[in-house]
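Scroll down for the structure; my scribbles are underneath it.
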Amino acid sequence: MKTNIHPAEQIVSIMERIYKYEMTTISGGNLSLIDENGDMWITPSGVDKGNLTVRDIMRLKKDGTAEGIHTPSVELPFHQGIYEVRPDIKAIVHAHPPALVSFSMARKKPNAKLFMNTYKHIAGSMEIAAYAIPGSEALKNNIASQFAKGGSAVIMENHGLVVGGTNLFEAFHLFEMLEYLARIEINANTIGKTFELTEEQLKKVNDSGAKQLPVQEKHSQTEEEAQARAAIVQFLKRLYDRKLITSKMGSLSVKLSDGSILVTPAHTDRKLISTQDIVHLKEGKCEALKEPCEFYELHEKMYKEHPEISSAAVVAPPYLMAYAITEARYNTHIIPEAYVVLRDIGKVPFDTGSDHYKAVAKKIADNNPVLLVENGYAVVTGGNLLKVFDRIEVAEYSAKALVQAKHVGEVINIREEDIDAIIQGFKLSAKS
């Protein structure tokens, strides 16, 4: 992620995203960063977080003088405390996202072992700071002492979350991932008992990584490819805006008429992605100077196993993933749309590597176009990107309805004879 943007612009951009995606209120949260001169830039106190401008951001010089039209955030002391004990941290995100606030009130940490992506990025890096009054020296000391242990995130008792990173975008990505984990765990606890990744599986997560692919000698972009790149970018941003993926988790792919595929790149913010970021893969070779997402091999194997599939996604929306970390079965026999769009949703044990991806690809079928991988992700397939997007949305919205139904009463399924009528009326393939 490029960070050669003016510090005030970075802060405004990230705070705008935090507010827009309902991870803070107009009065809650604060951001800061240290620039290359050692000066601190920080959000102001008492200014609408949903309507910040570059002019609002405060600058604190190394000599202690302040520049700006406001006063710095009331939480300035704990920002200073973190920077003092952790010179490697150059940016801080603090806010009150609802799911993590729930954990802060219970004075507990979300369980990183429930979900492969969060474990890979945050295992062992999260602490809890004792409660103290906002803006106080006591709070500064409580938070700084936890960051001094070497982690990147601290839950503040009865308050919220603070995350540090080498730059503001890195800190935000971790902040966002933690809120997703918290949402998934809360949803899962609503429908059943959660299960963690085993020690053997955790080792596989730690050992997994991107493979170095051979580079294509020459690649000329066709009109078909240009249109597919634009469609992938459009749907990735739409998925992000619908809160169905995070800035670093979630991938889409499209198979072109020559058998090559386009896929989401690694390490690229889905909100800021461009058509030129998308990666072209053909015959096991990668477009020069690019790195595909970690699940590119799974995308490739799905197309090889199913020539009829033209688009695919690997996603982890928070309600759907509740069914990937519990024994609860995802039930599509609840409303006609769910069954027509999703059919039956299967679930397979977590694993990594080529053999696992091949097994997942084989499980995909016309009457099973969506598949859950325990503690991992959902695989969604279709004849085009619109169909894949529709299935992701319907899967997440139906999962949300199922989770919320736990607070309403017993779920009553559509009768089996009505399911048979749906199959006939919509000319669907027979039940497996």
Next item on the list: Would you confirm whether H94, through its side chain, and L161, through its main-chain N or O, come within 3.5 Å as a donor-acceptor pair?
Entry: yes
Check: Side chain of K62, backbone of N37: donor and acceptor closer than 3.5 Å?
Finding: yes
Checklist line | Beyond-backbone contact of L168 with P7, side-chain heavy atoms, under 4.5 angstrom | finding: no
Check: Is it true that a side-chain atom of N375 and a backbone atom of M116 form a donor plus acceptor pair closer than 3.5 Å?
Finding: no
Margin query: Any donor-acceptor pair under 3.5 Å linking the side-chain atoms of S354 with those of E297?
Written below: yes
Margin query: Treating D56 as the side-chain partner and T53 as the backbone partner, does any N or O pair qualify as donor plus acceptor under 3.5 Å?
Written below: yes
Margin query: Is it the case that atom NZ in K400 sees more than 12 heavy atoms from other parts of the structure closer than 6.0 Å?
Written below: no
Check: If you take all heavy atoms of S45 and P72, which pair is closest and at what distance?
Finding: CB-O, 3.4 Å
Notebook entry, point to check: Quick one: are T332 and V370 in side-chain contact, heavy atoms under 4.5 Å?
Noted result: no
Note to self: With a 3.5 Å distance limit and no angle check, can you tell me whether S13 reaches the backbone of Q10 through a side-chain donor-acceptor pair?
What the structure shows: no
Margin query: Just to verify, which of F175, Y240, Y180 counts as forming a ring pair (Phe, Tyr, Trp, His ring centres under 6.0 Å) with Y21?
Written below: Y240
Notebook entry, point to check: Taking 4.0 angstrom as the limit, do K290 and D277 come out as a salt bridge?
Noted result: no
Note to self: Is there a side-chain contact between P110 and L100 in this structure, where contact means two heavy atoms from C-beta onward sitting under 4.5 Å apart?
What the structure shows: yes
Note to self: Is it true that, when you exclude R242 itself, more than 12 heavy atoms of the residues, nucleotides or ligands shown sit nearer than 6.0 Å to its CZ?
What the structure shows: no
Item checked: Which atom of I278 lies closest to which atom of R229, heavy atoms considered -> O-NH1, 2.7 Å
Note to self: Set out, in order, the CA-CA distance, both residues' side-chain angles and the distance that settles side-chain contact (heavy atoms from CB on, under 4.5 Å) for R391 and L342, then state yes or no.
What the structure shows: CA-CA 6 Å; R391 282 177 171 151; L342 305 173; 4.1 Å; yes
Checklist line | Contact check, side chains of F235 and V388, non-hydrogen atoms, under 4.5 Å | finding: no
Margin query: Quick check on K149: does its NZ atom have over 12 non-hydrogen neighbours (other residues, nucleotides or ligands) under 6.0 Å away?
Written below: yes
Notebook entry, point to check: Hey, does I143 have a side-chain heavy atom less than 4.5 Å from the side chain of F147?
Noted result: yes
Note to self: Using 0.5 Å steps for rounding, measure from the OG atom of S32 to the CD atom of E75.
What the structure shows: 11.0 Å
Next item on the list: Classify the angle between the aromatic ring planes of Y339 and H333 as parallel (below 30°), tilted (30 to 60°) or perpendicular (above 60°).
Entry: perpendicular
Check: What is the minimum heavy-atom distance between V394 and Y330, and which atoms define it?
Finding: O-OH, 4.0 Å
Margin query: Quick check on the 6.0 Å ring-centre criterion: do Y377 and F295 meet it?
Written below: yes
Note to self: Here's a test for you: under salt bridge (charged side-chain N to carboxylate O under 4.0 Å, His left out), which of R59, K61, K90 qualifies with D39?
What the structure shows: R59
Item checked: N187-T190 side chain donor-acceptor pair, cut-off 3.5 Å -> no
Check: Does a side-chain N-to-carboxylate-O contact under 4.0 Å join E176 and R17?
Finding: no
Notebook entry, point to check: Once you round to the nearest 0.5 Å, how far does CD1 of I273 lie from CD1 of I232?
Noted result: 8.5 Å
Next item on the list: Answer yes or no: is there a side-chain heavy-atom contact under 4.5 Å between E374 and Q201?
Entry: no
Checklist line | Donor-acceptor contact below 3.5 Å, side chain T24 vs main chain Y19 | finding: no
Margin query: Minimum heavy-atom separation for A312 and Y303, please, with both atom names.
Written below: N-OH, 3.2 Å
Next item on the list: Verify the neighbour count for atom NZ of K285: are there more than 12 heavy atoms of other residues, nucleotides or ligands below 6.0 Å?
Entry: no
Check: Counting only heavy atoms not in D207, do more than 12 fall under 6.0 Å of its CG?
Finding: yes
Margin query: Donor-acceptor pair, distance only, cut-off 3.5 Å: does the side chain of R270 make one with the backbone of T246?
Written below: no
Checklist line | S251 versus H299, side-chain donor and acceptor atoms under 3.5 Å | finding: yes
Note to self: So, taking the atom named CD in E170 and the one named NE2 in H267, what distance separates them when rounded to the nearest 0.5 Å?
What the structure shows: 12.0 Å
Margin query: Between the side chains of E179 and R183, is the shortest nitrogen-to-carboxylate-oxygen separation below 4.0 Å, so that they form an ion pair?
Written below: yes
Check: So, do L256 and H280 sit near enough that their side-chain heavy atoms are less than 4.5 Å apart?
Finding: yes
Check: Between K109 (side chain) and M126 (backbone), is there a donor-acceptor pair under 3.5 Å?
Finding: yes
Margin query: Is it true that, when you exclude I133 itself, more than 12 heavy atoms of the residues, nucleotides or ligands shown sit nearer than 6.0 Å to its CD1?
Written below: no
Check: Taking all non-hydrogen atoms of both residues, which atom of V263 and which atom of C293 are closest, and how far apart?
Finding: CG2-SG, 3.7 Å
Check: Is there a donor-acceptor pair under 3.5 Å between the side chain of E157 and the backbone N or O of S104?
Finding: no
Item checked: Within 6.0 Å of CD in Q404, more than 12 heavy atoms from elsewhere -> yes
Next item on the list: Examine distances only and state if a side-chain atom of T43 and a backbone atom of L31 form a donor-acceptor pair shorter than 3.5 Å.
Entry: yes
Check: What do you reckon, is CD of E327 surrounded by more than 12 foreign heavy atoms closer than 6.0 Å?
Finding: no
Check: Taking side chain as C-beta onward, heavy atoms only, is I334 less than 4.5 Å from N413?
Finding: yes
